[in-house]
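Both backbone and side-chain heavy atoms feed into the values below; hydrogens, waters and symmetry mates do not. Because the structure is predicted, anything quoted here is derived from the model rather than measured.
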Amino acid sequence: MRQTILVATLSALITAPVAGQAPTGVPRSAPPVFTEAFPPEEFAARRARLMTQIGDGVAILQGAAEKPAEAAFRQNNQFFYLSGVETPRAILVIDGLTKRSTLYLAPGRERAYGPMLGPNADAPRITGMEAVMHRDSFAIAARQFAGRVIYTTLRAEVTGSGSPGEATGFARATKNDPWDGRSSREEAFVEKLKAAAPGAEIKELDPLIDGLRAIKSPREIEVIHEATRIAGLGIMEAMREAKPGMREYELQAPAEFVFKKHGAQGAAYFALVATGTNTLYSHYHKGTAVLQDGDLVQFDYAPDYNYYVSDVTRVFPANGKFTPWQREYYTIYLRLYQSLLTSIKPNVAPREIIKVAAAKMDSVLTAYRFTDEKIKAAATTFVNRYKNSNSNSLGHTVGLEVHDVRLGSDVLKPGHLFTIEPAMIIPDLHYGIRLEDVILITEAGYENLSAFVPVEIADIERLMAQKGAGEALLPGPARKR
């Protein structure tokens, strides 16, 4: 009987695959050698737009290397954005003078890993490139770029679960470490290009690619929408599973099951599951604390899906029921959060949206009936932060990275995607509270891609009263008494 219930629950949780995936019952004899995220013409259009910016110059990018472990390969984001190619150590040349793109590939270990994209006659058709060559031939081809302007990526590559800030910081720390001192992979590539093409002028390519990435295409939006749906389903399953006595990492497990079941290639970032006083830390991720009766839990986790990510956060009581104090704390925060959310408009500068939101917050604060002075002080500080803000940002962008490229505009434009995640903390109690939603700017206004994940107290308690899909199948580890 328990198995029947579990199967029914899992069936309700796991919906049909999204468009682009193989339909159920259709066998596939071999894995695809080119990404299924977008068709080749999507990448070709991106390269064409880049050519208009580099003029007679040439853009040369190197793909990520294979990992020094039995771990799945993931292409770096800049290379994937322009090519969709997931083969290790690939090199891409986009020539603004000839209007041709040439891909250089090394033979793969097909005997071990299965079919891989290689330098064969079918590769141009598969990738949409004008030419696909053996990687060894790039050394000769590079000589023709002598004396020309070469654009290449100077920023440290991101290959998943990160953002440029972390990657660049790591590269800088490594170079400045007196017991290490290695140059970055990008610096080494630049030196190789200079040697191969004497007299070439090297320019940074990253700002040009970032400009293309700022406005998401309809296909990109569709993928991020799916990443957000998966994130929300994972969070909701964690909410069903939550109970006092569990450790934080036990809540991570059901979310990861949902992510993988829906085709995620990994996590967008480490799971931020914080209970009790750990909620004060914005990026707490140790995951070992025990959920206590009367705790609030903050859950922030999302998948890496077809190279695009999401970022969603929800807060809920460990025992499934908000206490009166928790209700007061959570409700005032939620109403202030919604004041910001409902103020978002297209073609308006974020700083102007903040002014409108601050006025709404002030009204909410004045009308709210507080019984706890510490909650009132935290809410007042929260509102004053917006009233005194000079920022022109509502949150951080999302896309290929969880902290994606800048918006590239002083006003919000259709196709911009970002999250809002303001925190309201009570330092004396070592408590923090933070929600986060993924916002897409549209012509008519905005769409909250994560709106289906409950935020109202009644909806959260109703969801948490449901049985978790994994409770019968995967009971928690035995604990020492």
Side-chain angles (χ1 to χ4, degrees), residues 32-51 53-54 57-67 72-96 100-106 108 116-119 123-124 126-133 135 138 141-142 150-164 166-168 171 184-190 192-193 202-213 217 219-220 223 265-266 304 306-309 399-401 404-405:
V33 297
F34 188 69
T35 180
E36 293 183 313
F38 308 110
E41 54 264 29
E42 176 91 1
F43 300 103
R46 296 172 184 177
R47 294 192 297 272
R49 290 168 60 199
L50 182 63
M51 287 179 188
Q53 297 188 54
I54 63 176
V58 58
I60 305 177
L61 302 84
Q62 61 174 342
E66 68 282 0
K67 294 184 178 179
F73 174 77
R74 188 191 186 284
Q75 188 58 270
N76 74 58
N77 289 337
Q78 299 289 58
F79 196 93
F80 180 85
Y81 182 79
L82 293 172
S83 71
V85 171
E86 299 178 86
T87 304
R89 298 187 187 272
I91 296 175
L92 175 62
V93 175
I94 303 171
D95 196 328
R100 289 172 57 85
S101 296
T102 304
L103 182 65
Y104 294 86
L105 298 176
M116 299 178 69
L117 183 66
I126 293 170
T127 62
M129 302 283 175
E130 280 71 33
V132 179
M133 311 291 289
R135 191 175 188 270
F138 177 71
I150 296 178
Y151 292 85
T152 192
T153 51
L154 304 183
R155 191 168 68 207
E157 67 179 3
V158 178
T159 58
S161 298
S163 298
E166 291 91 1
T168 301
S184 70
R185 190 164 180 254
E186 291 70 29
E187 289 173 329
F189 191 62
V190 166
K192 295 288 186 181
L193 288 176
I202 305 296
K203 290 189 175 183
E204 187 176 8
L205 179 60
D206 296 295
L208 301 183
I209 302 177
D210 291 354
L212 300 179
R213 287 172 53 183
S217 73
R219 288 191 179 106
E220 287 180 290
V223 174
Q265 62 200 102
D304 178 3
N306 280 344
Y307 283 81
Y308 285 79
V309 304
L400 285 165
E401 290 126 12
D404 205 51
V405 300

NZ (K67) with more than 12 external heavy atoms under 6.0 Å: yes
Judged by modelled atom types alone, do [X] and [Y] share a side-chain donor-acceptor pair under 3.5 Å?
| X | Y | answer |
| --- | --- | --- |
| R47 | S101 | yes |
| E401 | N77 | yes |
| Q53 | Y151 | no |
| E36 | N306 | no |
| E186 | T153 | no |

Please find the pair of heavy atoms, one from [X] and one from [Y], that lie closest to each other, and give the distance.
| X | Y | value |
| --- | --- | --- |
| A64 | T159 | CB-CG2, 4.0 Å |
| R74 | V158 | NH1-O, 4.2 Å |
| G96 | I54 | N-CD1, 3.8 Å |

Pairwise side-chain contact, [X] with [Y], heavy-atom cut-off 4.5 Å (strictly under):
| X | Y | value |
| --- | --- | --- |
| V58 | I94 | no |
| E86 | M116 | no |
| Y307 | Q75 | yes |
| M129 | R100 | no |
| V132 | T102 | no |
| R89 | E66 | yes |
| I150 | K203 | no |
| L61 | I91 | no |

If you round to the nearest 0.5 Å, how far is [atom2] of [Y] from [atom1] of [X]?
| X | Y | atom1 | atom2 | answer |
| --- | --- | --- | --- | --- |
| L103 | F138 | CG | CZ | 11.5 Å |
| I209 | R49 | CD1 | CZ | 11.5 Å |
| L205 | I60 | CG | CD1 | 10.0 Å |
| S83 | R46 | OG | CZ | 9.5 Å |
| T35 | E42 | OG1 | CD | 10.5 Å |
| E130 | T127 | CD | OG1 | 8.5 Å |

Side chain to side chain contact (heavy atoms under 4.5 Å, CB included) assessment of Q78 paired with D210: CA-CA 9 Å; Q78 299 289 58; D210 291 354; 3.4 Å; yes
Given 3.5 Å as the limit, does a donor-acceptor pair link the side chain of [X] with the main chain of [Y], or not?
| X | Y | result |
| --- | --- | --- |
| T87 | A90 | no |
| N76 | A65 | no |
| E166 | S163 | yes |

Ring centers of F43, Y81 separated by less than 6.0 Å: no
Distance flag, aromatic centroids of F38 and Y308, threshold under 6.0 Å: yes
R213/D206 salt bridge by N-O under 4.0 Å criterion: no
Side chain to side chain contact (heavy atoms under 4.5 Å, CB included) assessment of V85 paired with L105: CA-CA 10 Å; V85 171; L105 298 176; 4.2 Å; yes
